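Following: one structure in structure tokens, then a few remarks.
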Amino acid sequence: MGSDLLTKKEAAALCGASVRTVERWMACGCFAVVRFSSRHIRIRREDVEAFIRSHLLLPREARS
């Protein structure tokens, strides 16, 4: 189960974005977070991958 949960830094690397951008996405509800404490937050890999598929990848027609 541990590998299914990502830190903000790992999620940012997976998305090709900055940690600050991931924090913004978390704040607007793009990712559900798992809180172990106020300082230890994780994001489910499944949620990040779904976000990438629906928001970051271009439709097949737009790819060159």
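Below, each value reflects all heavy atoms present in this structure, side chains not excepted, and no hydrogens, waters or symmetry copies. Owing to the predicted nature of the structure, the values given are computational and were not obtained by experimental measurement. We number each residue from 1, following the sequence as shown.
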*Could you walk me through whether R42 and L6 pass side chain to side chain contact (heavy atoms under 4.5 Å, CB included), step by step?*
CA-CA 5 Å; R42 298 293 183 266; L6 306 173; over 6 Å; no

*Which pair of heavy atoms, one from F31 and one from V48, lies closest together, and at what distance?*
CE2-CA, 3.8 Å

*asked:* Could you work out, with side chain to side chain donor-acceptor pair (under 3.5 Å) as the rule, every residue matching E46, not counting sequence neighbours?
replied: R44

*Atom CG in L5, atom NE2 in H40: separation rounded to 0.5 Å?*
13.5 Å

Pairs under 3.5 angstrom only: tabulate donor-acceptor contacts from the side chains of residues 19-30 to other protein residues two or more places apart or in another chain.
unit_1, atom_1, unit_2, atom_2, d
T21, OG1, S18, OG, 3.0
E23, OE2, K8, NZ, 3.0

*If you round to the nearest 0.5 Å, how far is CD1 of I41 from OG1 of T7?*
11.0 Å

_If the condition is salt bridge (charged side-chain N to carboxylate O under 4.0 Å, His left out), which residues does R35 pass it with, not counting sequence neighbours?_
none

*asked:* Restricting to side chain to side chain donor-acceptor pair (under 3.5 Å), what partner residues turn up for S38, sequence neighbours left out?
replied: none

